Engineer: 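Take this structure first; my questions come after.
Not measured: the values here are computed from a predicted model.
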Amino acid sequence: MANIVFLGNFRVDYTSETHHAKTLESLGHSVIKMQESEATSDDIYKEALKSDLFVWVHTHGWRTPGTHKMENVLKFLKQRGIVTMTYHLDLWFGLQRQKDLKIYPVYKHIGHFFTVDSQMADWFNNNTAVKGHYLPAGVYDKECYIESTKLKNDVIFVGSKKYHPEWQYRPQLIDWLSNTYQNRFSHYGNGGIKSLRGEELNTLYASSKVVIGDTLCIDFKYPDYWSDRVYETMGRGGFIIHPYISGMEKEFEDKKHLVFYEYGNMKQLKELIDYYLNNDKERETIRKAGHQLVKSKYTYKNRWQYVLSELGIE
């Protein structure tokens, strides 16, 4: 089994880095977790030299103290034959954070960049020495279960209302849901009731008839990128209606695992919400099928098995 050094944010239990590290440990690998902005570049280099793999999920704007710049650490590790990689669940292109690709030279020196955006993977392969890999998101295995609970909510949305300034559809969607369904609608997240995590979030999904999903997808013409909340919702017991994005059909089947609607078509969205609010058996069949699909194929364990296979690490 591999010895892995993982640099990221481990201050709280719910970060993706924490879940990824625990997943790697569950697969039998040894993981040394190093806290970004606290661990020095010297210590990172010293530990990574003894590893089979160095993983860095770089948080935007965070700096790592120490004698060496992190891009130099990556260069040193490459010279010593240590595999380096990152795995990001975010969209860069078309957003303000796209400038990070030029500002932070680390993106030119990491060995492998696993991304949920196929066009970003292509960009790395065509413009840099970094090996880009397209790999959609997933859900943490330990949170992939359906809580046994009674239905309490009709329609919910989970996520922050104040999102990227480039994406005004999110607040418009939440306002439309609130105005249309009034006391039958609940919003959880920043700008709503409250943010839920862990078992509370599983309970919320399982106790809600319809979950409305959203993805920051420029004009909904940008293919092969969708939010990890799609996997989270289905994996944690929710029935989701989500705008269709080109490429989603490769992972899900409409009206079998989830339900698609045309982006911006509120008439269609309302028809679908109303239909599934009143068709319990059909909704439940889709919910269970979606959950089973995600649990069997799209967990972090599945994704990391693929990553390690791609890197030739056992």
Engineer: Can you find a side-chain donor-acceptor pair between S51 and N3 that sits under 3.5 Å?
Structural biologist: no
Engineer: Looking at side-chain heavy atoms only, is the closest gap between Y225 and W92 below 4.5 Å?
Structural biologist: no
Engineer: Can you name the nearest heavy-atom pair linking H291 to Y145, along with the distance?
Structural biologist: CE1-CA, 3.6 Å
Engineer: Indicate the atoms forming the closest heavy-atom contact of F10 with A21, along with that distance.
Structural biologist: CE2-CB, 3.9 Å
Engineer: When the side chains of residues 262-278 are checked against the rest of the protein, which donor-acceptor pairs come out under 3.5 Å, sequence neighbours left out?
Structural biologist:
residue, atom, partner, partner atom, Å
E262, OE1, N265, ND2, 3.2
N265, OD1, K267, N, 3.4
N265, OD1, Q268, N, 2.9
K267, NZ, E271, OE2, 2.8
Q268, OE1, E262, N, 2.7
K270, NZ, D274, OD2, 2.7
D274, OD1, Y181, OH, 2.8
Y275, OH, E282, OE1, 2.5
N278, ND2, D274, O, 2.8

Engineer: Just checking, any donor-acceptor pair under 3.5 angstrom between side chains of N9 and Q35?
Structural biologist: yes
Engineer: Would you say NZ of K102 has more than 12 non-hydrogen atoms from neighbouring residues, nucleotides or ligands within 6.0 angstrom?
Structural biologist: no
Engineer: Run the salt-bridge test on D100 and R97 with the 4.0 Å N-O cut-off and return the result as yes or no.
Structural biologist: no
Engineer: Are H19 and Y140 close enough that their ring centres sit under 6.0 Å apart?
Structural biologist: yes
Engineer: ring-ring contact (aromatic ring centres under 6.0 Å, His included) for F124 and Y134? Distances and angles first, verdict last.
Structural biologist: CA-CA 11 Å; F124 274 112; Y134 173 55; over 10 Å; no
Engineer: Strictly below 4.0 Å, N to O, side chains only: are K209 and E284 in salt-bridge contact?
Structural biologist: no
Engineer: For N302 and K297, work out which heavy atoms get closest and say how close.
Structural biologist: OD1-C, 2.9 Å
Engineer: Closest approach of L173 and G213, non-hydrogen atoms and distance?
Structural biologist: CD2-O, 4.1 Å
Engineer: Can you tell me if R184 uses its side chain to pair, donor with acceptor, with the backbone of V155 under 3.5 Å?
Structural biologist: no
Engineer: The criterion is ring-ring contact (aromatic ring centres under 6.0 Å, His included); which residues satisfy it with H29, sequence neighbours excluded?
Structural biologist: none
Engineer: Let me confirm one number: the OG-NE2 distance from S178 to H187, rounded to the nearest 0.5 Å.
Structural biologist: 10.0 Å
Engineer: Would R197 and Y14 count as a cation-pi pair here, with the cationic atom under 6.0 angstrom from the ring centre and within 45° of the axis?
Structural biologist: yes
Engineer: Which class fits the ring pair F54 and W56: parallel under 30°, tilted 30 to 60°, perpendicular over 60°?
Structural biologist: tilted
Engineer: Can you measure from CG (L74) to CZ (F76) and round to the nearest 0.5 angstrom?
Structural biologist: 10.0 Å
Engineer: With side chain to side chain donor-acceptor pair (under 3.5 Å) as the rule and sequence neighbours excluded, what pairs involving residues 112-125 come up?
Structural biologist: H112-H133, D117-Y222, S118-D224
Engineer: Closer than 3.5 angstrom, by distance alone: can the side chain of S227 be matched with the main-chain N or O of R229 as a donor-acceptor pair?
Structural biologist: yes
Engineer: Verify the neighbour count for atom NZ of K46: are there more than 12 heavy atoms of other residues, nucleotides or ligands below 6.0 Å?
Structural biologist: no
Engineer: Assign the ring pair H88 / F113 to parallel, tilted or perpendicular, where the plane angle (0 to 90°) is split at 30° and 60°.
Structural biologist: parallel
Engineer: Which is it for E36 and R11 under the salt bridge (Lys or Arg N to Asp or Glu O under 4.0 Å) test, yes or no, and what are the steps along the way?
Structural biologist: CA-CA 10 Å; E36 190 176 42; R11 284 179 175 156; over 6 Å; no
Engineer: Please find the pair of heavy atoms, one from V139 and one from E232, that lie closest to each other, and give the distance.
Structural biologist: CG2-CA, 4.0 Å
Engineer: Can E249 and Y244 be said to form a side chain to side chain donor-acceptor pair (under 3.5 Å), step by step?
Structural biologist: CA-CA 9 Å; E249 73 282 355; Y244 170 73; 2.7 Å; yes
Engineer: Take atom NZ in K108; do more than 12 heavy atoms of anything else shown fall under 6.0 Å from it?
Structural biologist: no
Engineer: Has R303 got a side-chain atom pairing as donor or acceptor with P136's backbone, closer than 3.5 angstrom?
Structural biologist: yes
Engineer: So that I know where these two stand, are H242 and F260 an aromatic pair - ring centroids less than 6.0 Å apart?
Structural biologist: no
Engineer: Is it the case that atom CD in E199 sees more than 12 heavy atoms from other parts of the structure closer than 6.0 Å?
Structural biologist: no
Engineer: Can you find a side-chain donor-acceptor pair between T15 and T18 that sits under 3.5 Å?
Structural biologist: yes
Engineer: If hydrophobic clusters are built by linking Ile, Leu, Val, Met, Phe, Trp and Tyr wherever their side-chain heavy atoms come under 4.5 Å apart, do Y261 and V211 end up in the same one?
Structural biologist: no
Engineer: Looking only at non-hydrogen atoms, find the nearest pair between P165 and Q168 and report the distance.
Structural biologist: O-NE2, 3.1 Å
Engineer: Working to the nearest 0.5 Å, report the span between CG of N179 and CG of L177.
Structural biologist: 9.0 Å
Engineer: I110 pairs by side-chain contact (heavy atoms from CB on, under 4.5 Å) with which of L77, T128, T84, V55?
Structural biologist: T84
Engineer: Taking only Lys NZ, Arg NE, NH1 and NH2, and the carboxylate oxygens of Asp or Glu, determine whether E25 and K22 approach each other closer than 4.0 Å.
Structural biologist: no
Engineer: Please say yes or no: joined through hydrophobic side-chain contacts below 4.5 Å, possibly via intermediate residues, are V230 and I212 part of one cluster?
Structural biologist: yes
